Amino acid sequence: MIDHKVWRLRNRHRELERMIRDEQRKPEPNAALVQDLKRRKLQVKDELFMAEAGLVPVSIRPSY
């Protein structure tokens, strides 16, 4: 299960890198799109780190 998740996250990370690179190569890249793609790539990187380390993400619960 974890190996599949790591594989999926690595592929998603590579896909986002490609999308960022393709957008930045355009004559007039969409800065907002590049920023969003970079944010998503960082989220995937964090998930990948946790999956590789065998950690479970901590959900943030609202305090009442």
Side-chain angles (χ1 to χ4, degrees):
M1 174 72 173
I2 290 179
D3 290 335
H4 177 71
K5 184 173 184 175
V6 168
W7 178 82
R8 184 180 54 81
L9 289 168
R10 284 182 183 161
N11 282 341
R12 182 67 180 143
H13 190 267
R14 275 192 293 272
E15 179 183 345
L16 288 165
E17 282 181 335
R18 182 193 52 77
M19 292 170 70
I20 292 167
R21 186 176 54 249
D22 290 350
E23 185 63 31
Q24 289 176 329
R25 287 181 177 166
K26 291 181 178 179
E28 293 185 34
N30 181 335
L33 176 59
V34 170
Q35 183 178 13
D36 182 58
L37 291 169
K38 286 182 176 183
R39 180 188 54 76
R40 289 167 41 197
K41 181 181 159 193
L42 184 57
Q43 288 175 333
V44 170
K45 184 177 179 181
D46 290 344
E47 286 182 55
L48 181 58
F49 172 80
M50 294 189 64
E52 288 176 332
L55 301 174
V56 177
V58 177
S59 62
I60 300 173
R61 289 183 276 157
S63 57
Y64 294 97

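Keep in mind it's a predicted model, so treat the numbers as computed, not measured.
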Please output the side-chain donor-acceptor pairs of residues 28-35 that fall under 3.5 Å, not counting sequence neighbours, one pair per line with the distance.
{"unit_1": "N30", "atom_1": "OD1", "unit_2": "A32", "atom_2": "N", "d": "3.1"}
{"unit_1": "N30", "atom_1": "OD1", "unit_2": "L33", "atom_2": "N", "d": "3.0"}

side-chain hydrogen bond (donor to acceptor under 3.5 Å, both in side chains) partners for [X], two or more places apart:
| X | answer |
| --- | --- |
| R40 | D36 |
| Q24 | none |
| R18 | D22 |

Just grab all the salt bridge (charged side-chain N to carboxylate O under 4.0 Å, His left out) pairs involving residues 41-50, residues at least two apart or on different chains.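 Listed by first then second residue: E17-K41.
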Would you say L16 ends up clustered with V6 if hydrophobic residues are merged whenever their side chains have heavy atoms under 4.5 Å apart, either directly or through other cluster members?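 Linked, V6 and L16 end up in one cluster.
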side-chain contact (heavy atoms from CB on, under 4.5 Å) with R8: which residues, sequence neighbours excluded?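 Expected list: K5.
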Rounded at 0.5 Å granularity, tell me how far CE in M50 sits from CG in L9.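 Going from the CE atom of M50 to the CG atom of L9 covers 11.5 Å.
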Which value, rounded to the nearest 0.5 Å, describes the distance between L48 atom CG and Q43 atom CD?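 Answer rounded to 0.5 Å: 13.5 Å.
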In terms of side-chain geometry, is the basic nitrogen of K38 or E23 positioned less than 4.0 Å from the acidic oxygen of its partner?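 Looking at K38 and E23, the cut-off is not met.
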